[in-house]
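Just so you know, ligand 1 is whichever comes first in the structure, and atom 1 is the first atom listed for that ligand.
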Amino acid sequence: MTVAVLAVQGDFAEHESVLRSLGAEVFEIRQKSDLSRHFDGLVLPGGESTVQGKLLRELDLFDALKEKIETGLPVFGTCAGLILLADRLSNDDNVYFAALPATVRRNAYGRQLGSFYAEEEFKGIGKIPMTFIRAPFIESVGEGTEVLAVVDGNIVAARKGNVLGIAFHPEVDENKAVHKYFLDMIG
Ligand code: GLN
């Protein structure tokens with residue numbers, strides 16, 4: 001199975017090595033011509049959502065990726081990637097792919113709590129490490145979106161169909177269970 005990783009900004013390289021270690025074929029999406037290759041799933045890495053959103057438009061990647069997601073391409077967004085997937089941001093006027101019915105708050109933990117570590121249950125997986133870096137969280141989910149993980153009362157992972165969004169960074173921990181979960185979603 002082939003997974004494309006959006007590689008315009010952020011920590012795409014870490015995702016690539018985890019996916020490869022799980023046996024997936026991986027390539028990077030950096031420019032429009034990369035979209036002519038076949039891929040079975042898409043990863044949107046953490047980084048800076050405003051920068052990524054701007055680059056997606058400038059590189060003319062946005063519309064084609066949005067259409068693929070809307071027509072069922074499995075997509076996995078972490079942190080900034082979750083922000084790109086949300087259909088509403090509570091503290092930002094931007095909306096990007098609007099693929100996940102969920103209201104997401106950017107930089108939701110404030111400056112002091114910008115980065116932290118937790119261990120919590122992830123539905124269907126069990127207890128896993130979760131590293132948060134200037135993370136968003138999900139304030140509420142809309143119709144059809146399933147909550148997969150909650151930390152300190154805040155939703156940090158959710159899924160609707162082919163769309164998986166999480167607030168933390170599984171690519172920086174040894175535990176590969178969330179990437180495995182995504183590969184299982186691809187089938
Ligand atoms: N704070 C970033 C944003 O708002 C997300 C941080 C991350 O991806 N680690 O886009």
Side-chain angles (χ1 to χ4, degrees), residues 3-19 26 28-30 41-59 61-62 65-66 69 74-120 122 128-141 145 147-159 163-179 181-182:
V3 180
V5 179
L6 181 68
V8 295
Q9 191 270 338
D11 65 343
F12 48 86
E14 289 82 353
H15 282 283
E16 290 166 21
S17 51
V18 178
L19 292 163
V26 179
E28 296 181 344
I29 294 180
R30 292 177 173 270
L42 171 68
V43 171
L44 304 175
E48 203 52 46
S49 55
T50 45
V51 177
Q52 294 181 1
K54 192 164 171 283
L55 287 169
L56 281 166
R57 296 261 186 215
E58 283 175 11
L59 296 164
L61 295 169
F62 184 82
L65 288 177
K66 184 167 163 62
I69 296 167
V75 57
F76 174 26
T78 63
C79 207
L82 164 66
I83 294 167
L84 294 184
L85 290 173
D87 73 353
R88 188 169 169 269
L89 304 177
S90 61
N91 57 347
D92 192 310
D93 288 335
N94 289 304
V95 177
Y96 303 94
F97 293 122
L100 185 69
T103 297
V104 169
R105 170 165 289 269
R106 291 184 63 201
N107 301 315
Y109 296 94
R111 283 186 183 276
Q112 288 86 343
L113 284 173
S115 301
F116 66 98
Y117 176 86
E119 282 181 26
E120 262 311 333
F122 190 107
I128 55 165
M130 300 180 181
T131 297
F132 295 83
I133 304 168
R134 292 178 300 106
F137 62 61
I138 300 170
E139 289 184 343
S140 61
V141 293
T145 300
V147 172
L148 297 176
V150 175
V151 171
D152 296 334
N154 301 312
I155 302 167
V156 297
R159 172 181 175 182
V163 181
L164 173 66
I166 70 173
F168 54 96
H169 284 267
E171 74 284 3
V172 304
D173 287 306
E174 295 285 298
N175 190 301
K176 297 173 182 171
V178 185
H179 286 85
Y181 179 97
F182 178 59

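Of all protein heavy atoms, the one closest to atom 1 (N) of ligand 1 is N107 OD1, 2.7 Å.
With a heavy-atom cut-off of 4.0 Å, E48 touches ligand 1 through backbone and side chain alike.
Taking a cut-off of under 4.0 Å to the non-hydrogen atoms of C79, the atoms of ligand 1 that pass are 5 (C), 6 (C), 7 (C), 8 (O), 9 (N). Each of the following atoms of ligand 1 lies closer than 4.0 Å to a heavy atom of I83: 3 (C), 4 (O), 10 (O). Distances below 4.0 Å separate heavy atoms of G46 from the following atoms of ligand 1: 8 (O). Annotation for ligand 1: atoms under 4.0 Å from non-hydrogen atoms of S49 are 3 (C), 4 (O), 10 (O).
Residue-ligand proximity: H169 is placed with a non-hydrogen atom under 4.0 Å from ligand 1.
Using cut-offs of 30° and 60° on the angle between ring planes, the pair F168 and F122 is perpendicular.
Exactly one residue among N175, T78, I128, T131 makes a side-chain contact (heavy atoms from CB on, under 4.5 Å) with P170. That residue is T78.
Of all the heavy atoms in V178 and F76, the pair that sits closest is CG1-CZ, 3.6 Å.
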Notebook entry, point to check: For D11 and H15, what are the C-alpha separation, side-chain angles and deciding distance, and is it a side chain to side chain contact (heavy atoms under 4.5 Å, CB included)?
Noted result: CA-CA 7 Å; D11 65 343; H15 282 283; 4.2 Å; yes
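Salt bridge E48/R134: present, at least one basic N to carboxylate O contact under 4.0 Å.
Nearest-heavy-atom check against atom 2 (C) of ligand 1 across A80, P136, G47 picks out G47.
More than 12 heavy atoms of other residues, nucleotides or ligands lie within 6.0 Å of CG in N91, so this atom counts as buried by the packing criterion.
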